[in-house]
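Keep in mind it's a predicted model, so treat the numbers as computed, not measured. One is the number of the first residue; the rest follow in order along the sequence.
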Amino acid sequence: MNKRTSQAKTRLLSLSGAVLLLALAGCSGSNEPLQGASPSPPPSASPSPSALPSPSPSPSASPTASPSEEPAPSAAPSAPETKKGEGKFSGLADSHTVEIEMDGKYESFQLGEGTAETANQLESGDEVSFDYTEQDQDGAKLLTLISLTKKGS
């Protein structure tokens with residue numbers, strides 16, 4: 001029985017060591033491929049010629065360019081539109097996000113400047129009115145509170 005216990009401890013120690021080595025290898029941050037893995041080509045340090053933007057002439061270099069030319073309005077990012085909303089405060093999701101129920105649907109809002117103090121004083125179920133912006137961020141909508149007020153206050 002002593003021999004079995006010793007073998008079990010040896011196996012457990014070996015297995016623990018192997019798991020530790022695998023975890024360290026995965027977290028090493030090394031960009032070198034593991035032995036036996038198919039290598040992928042390293043990223044090129046310089047962009048391909050087709051990816052380089054074509055140089056645009058400066059107004060001083062081109063006598064035909066007029067000084068009043070401006071970029072197209074659609075090229076500049078526009079300021080997000082401010083919207084109004086009402087709902088039932090559900091609670092803080094974290095230190096900078098609140099959840100509000102609007103028309104039976106729960107929405108998460110980022111706390112904008114000056115709204116955290118009000119949010120920290122609210123209780124779940126409080127009726128609130130608010131102003132917010134909606135922006136597209138990497139395919140998801142980002143809702144940010146501009147103002148937050150408890151109804152009846």
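For F89, there are no ring pair (Phe, Tyr, Trp, His ring centres under 6.0 Å) partners, not counting sequence neighbours.
When all heavy atoms are compared, the tightest approach of S90 to S124 is O-OG, 3.1 Å. Nearest approach of G125 to K88, heavy atoms of both residues: O-CG, 3.4 Å.
You'll find the side chain of E86 reaches within 4.5 Å of the side chain of K151, heavy atoms only. The closest side-chain heavy-atom distance from I100 to E107 is not below 4.5 Å. The closest side-chain heavy-atom distance from Y132 to L145 is below 4.5 Å.
T133 places no side-chain N or O within 3.5 Å of a backbone atom of E81 that could act as its donor or acceptor partner.
Under the side chain to side chain contact (heavy atoms under 4.5 Å, CB included) rule, V98 has a single partner from L92, T115, L122, which is L92.
Taken to the nearest 0.5 Å, the CD atom of E134 stands 9.0 Å off from the CG atom of L142.
Note: the hydrophobic cluster containing L111 also contains M102 (ILVMFWY, side chain heavy atoms under 4.5 Å, direct or indirect links).
Annotation: D103, atom CG; neighbour count of heavy atoms from other residues, nucleotides and ligands within 6.0 Å does not exceed 12.
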